[in-house]
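Inspection log for the structure reproduced underneath, given as structure tokens.
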Amino acid sequence: MNEARISRRGLLGAAGAVGAAAGAGLLGGPALAGEKGYRWDNVEIVGGGFVPGIVFNQSEPGLVYARTDIGGAYRWQPSTGRWVPLLDWVGWDKWGWSGVASLATDARDPDRVYAAVGTYTNDWDPNKGAILRSRDRGRTWKVTELPFKLGGNMPGRGMGERLAIDPNRNEVLYLGAPSGHGLWRSTDHGERWARVTAFPNPGTYRADPNDTSGYSNDLQGVVWVVFDPRTGGRRRRTQTIYAGVADKDNPLYRSTDGGTTWAAVRGAPTGHVPHKGVLDHVGGFLYLATSDTGGPYDGGSGRVWKLDTATDAWTDVTPENGGWGYSGLTIDRQHPGTLLVATQIAWWPDVVFFRTTDGGVTWTRSWDWGAWPNRVKRYDLDITDTPWLTWNATPALPEEAPKLGWMTESLEIDPFDSDRLLYGTGATIYATDDLTAWDTGGTVHIEVRARGLEETAVLDLVSPPTGAQLISALGDVGGFVHHDFANPGLMFANPTHGSTTGLDFAGLVPGTVVRVGNPTGEERFGISYDGGATWTPAASQPDGVSGGGRVAVNADGTHVLWSPDGAAVFHSTDGGATWTPSSGVPAGARVESDRVDPARMYAFAAGTFHVSTDGGATFTAAATGLPAEGDVRFQAVPGHARDIWLAGGKTGGVYGMWRSTDGGDTFTQVAGVDEADNVGFGKAAPHRSYPAVYTSAKVRGVRGIFRSDDGGRRWTRLNDDRHQWAWTGAVVIGDPRVYGRVYVGTNGRGIIVGEPR
């Protein structure tokens, strides 16, 4: 069979096997004629999301990968000290493949790497999961689509690794599946897969059996596979294989005949879920880290166990029973009696790492209690690369900012260097190069090591004509004022938002900026009069507000329009000190401002455009017949009063792009745009007066990031098939000061900036 290159779909073959697709071709279609050679990079946040897996190659020093839950996979580049993104080719239609459920790197052939991809196992993700396989360390990939979904962003995603390569016969791989699909095997380097029908237990644990969304009630399944390399050879598959199962009664299974038959391991500990399994291949001990939940956000009890594989004798080697579970577990391959394990979650005051150098007989802590409320720490923490990791907080002791960690499910000692440790948190990767100082009374120096790894969900962007080049609204990490794309900007403060959901600046007074979001406190609205350098929270908040929603500020900065979650649309004429309900506009409407006329504000809901001519106090229904389903976004054109572009809709329904030149009374559909999901504007092309128009859209059958220099008559695709970044529907805008520069908001790969070469 011919193999699909990056894009084609796997076929369900005979006897339940999944094989590579017939035919070959690159993802996407031919680029439209026009722009050649855009240069793409990130506006650096440095980290920003959960890193549930870090995987070292066991035969080549310095070869290490990281997987993220929504932002793809990365390979460490020692020469630059940066992480290199590997899945930017994932396109719009297969956006779920940016969630990486597991990753494996081949010790026998280090050029080979595999990723098990798929973001959700419920109906939020319309596509099946897939196995990606590469023979050049992730530069290019081939794909086999699976007959079930995988959950890179599902509960339990920090357990693992679900994907494993036989260290003796590397053509053999195993995949532990969720959702009751059991254990799967490939015998041809991941090209074809079949279920291991002899494996007896697909798992019984669900995070919340009563959840009806399909998210928390899914079976978490077979969560890791570990080989005992001593039981195979060059001509013989590894015979002894262990599999951890999300089942509190039967958590561990073993095969002693190369995966032909399987049985529960006698005396295996019950009552918890086995997050991690690590084998000491010298001493023959299997270690388990367990918790009462699959995580990654919770876990109130757990144990650490040691199995003597020669005698099947179990020993409880739990460091402490501190009201937490255990997850992150790693062994020093240079000194196999040395291990580290992390509390699976300890929100207050901090995660605790435990270290043993005698196989679990004794343990020491990363920090101990001193005189209350002080802590005595074996480490110091350098967040120079990511200063926002304090979240603008100065908590009362014993809590500190930044934290040593949280959601630390991946904790990995370099197999070639006992001093090197990498570990993931809910927002970054930390590292140390002097770990053994722990044992001699020295200080372990820990620093952020996440340069190049950009995992944020972008909710909104603005690029004012003066001041900061870019201001961002991000999920989970608030947002930033970006003066320098090579370093994190100034994180929003006063108020600090966990997620900023809406952002705008005044078209004629661009130093006036407003934002709304979901805060760490109660203040959901902030206003700045100096381009985001300082902020003032609202003195009051309307009743019933449950989320940030959307916000707009009129052209001269005197009126603010707020459409929060859970309440009506409100307007303010005093910078948010007081709020008055607006009339004639539905709750939940999307709101924007005219960029030239201070009296005009706009709103859209359920297929109808609404117009205000008094700064947002009252609205009148105007144009109808626009998309009533799906996501719809619109923007007014800078420097052109009453000029509005609208994009959105739903596949199979009304979907496309429209323009109004009469302030929203009528709209005309833009020809040639099959689908569009956002619209933004940037500096006009040379010798033109109308701003360049940017969008994430499908134009003449081709999905991509597009620019029009002539008001929508002709479109140029700016990106190529190697640069697609999965879902880019939230926001795409241009820069008003630099022609051709485009900012692309992604759902997991951060802020992408593109420049013509």
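Numbering of residues begins at 1 and proceeds along the displayed sequence. Every value quoted in this text rests on a predicted model; they were computed, and no experiment measured them.
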Measure the shortest side-chain to side-chain distance between D166 and R185 over non-hydrogen atoms and say whether it is less than 4.5 angstrom.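 Side chain of D166 against side chain of R185, heavy atoms only: no contact under 4.5 Å found.
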Using the ring-ring contact (aromatic ring centres under 6.0 Å, His included) rule, pick out the option among F353, Y379, Y423 that qualifies with Y430.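 Only one of F353, Y379, Y423 forms a ring-ring contact (aromatic ring centres under 6.0 Å, His included) with Y430, namely Y423.
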Distance (rounded to the nearest 0.5 Å) between [X] [atom1] and [Y] [atom2]:
X: Y287; Y: I331; atom1: OH; atom2: CD1; result: 6.0 Å
X: L435; Y: D414; atom1: CG; atom2: CG; result: 11.0 Å
X: Y242; Y: W262; atom1: OH; atom2: CH2; result: 10.5 Å
X: D88; Y: Q724; atom1: CG; atom2: CD; result: 9.5 Å
X: D109; Y: N170; atom1: CG; atom2: CG; result: 6.5 Å
X: F416; Y: N57; atom1: CZ; atom2: CG; result: 6.5 Å

Ignoring hydrogens and geometry beyond distance, is a side-chain donor-acceptor pair present between [X] and [Y] at under 3.5 Å?
X: W727; Y: T746; result: no
X: T364; Y: R355; result: no
X: S102; Y: E161; result: yes
X: S255; Y: D257; result: yes
X: N201; Y: D247; result: yes
X: Q344; Y: H275; result: no
X: D419; Y: T436; result: yes
X: S327; Y: E409; result: yes
X: D188; Y: S186; result: yes
X: Y326; Y: W324; result: yes
X: S98; Y: R749; result: no
X: H272; Y: S301; result: yes
X: N153; Y: T119; result: no

Can you see which heavy atom on [X] is nearest to which on [Y], and at what distance?
X: V278; Y: L329; result: CG2-O, 3.7 Å
X: R333; Y: L279; result: NH1-O, 2.7 Å
X: R365; Y: E320; result: NH1-OE1, 2.9 Å
X: R237; Y: T187; result: NH2-CG2, 3.3 Å
X: S134; Y: R137; result: OG-N, 3.5 Å
X: P251; Y: P269; result: CG-O, 3.1 Å

Between the side chains of D292 and K248, is the shortest nitrogen-to-carboxylate-oxygen separation below 4.0 Å, so that they form an ion pair?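 No salt bridge links K248 with D292.
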K94/E145 salt bridge by N-O under 4.0 Å criterion: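 Looking at K94 together with E145, the answer is yes, because their closest N to O distance falls below 4.0 Å.
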Partner set under ring pair (Phe, Tyr, Trp, His ring centres under 6.0 Å) for F227, not counting sequence neighbours: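 Residues passing ring pair (Phe, Tyr, Trp, His ring centres under 6.0 Å) with F227: Y174.
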Using a 3.5 Å distance criterion without hydrogens, assess whether the side chain of [X] forms a donor-acceptor pair with backbone atoms of [Y].
X: W184; Y: H181; value: yes
X: K403; Y: W347; value: yes
X: W725; Y: N747; value: no
X: S216; Y: D208; value: no
X: W367; Y: V351; value: yes
X: R67; Y: A101; value: yes
X: K306; Y: D316; value: no
X: S410; Y: I54; value: yes
X: W314; Y: D308; value: no

For Y74 and V84: C-alpha separation, side-chain torsions, deciding distance, then whether side chain to side chain contact (heavy atoms under 4.5 Å, CB included) applies. CA-CA 5 Å; Y74 294 79; V84 177; 5.9 Å; no
With a sphere of 6.0 Å drawn around CZ of R135, does it hold more than 12 non-hydrogen atoms of other residues, nucleotides or ligands?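 Atom CZ in R135 is not crowded, with 12 or fewer foreign heavy atoms closer than 6.0 Å.
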From the options D136, L103, D106, select the one residue that forms a side-chain contact (heavy atoms from CB on, under 4.5 Å) with V113.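 The residue from D136, L103, D106 that satisfies side-chain contact (heavy atoms from CB on, under 4.5 Å) with V113 turns out to be L103.
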Between W124 and Y215 (judged by ring centroids, cut-off 6.0 Å), do the two rings come close enough to count as a pair?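 Ring-ring flag for W124/Y215: true, centres closer than 6.0 Å.
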Given side-chain hydrogen bond (donor to acceptor under 3.5 Å, both in side chains), test T270 with D249 step by step and report yes or no. CA-CA 5 Å; T270 61; D249 295 321; 5.6 Å; no
The single option from T240, T261, D312 passing side-chain hydrogen bond (donor to acceptor under 3.5 Å, both in side chains) against R254: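 Output: one option passes, namely D312.
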Parallel, tilted or perpendicular: ring planes of W89 versus W141, cut at 30 and 60 degrees: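 W89 and W141: tilted rings.
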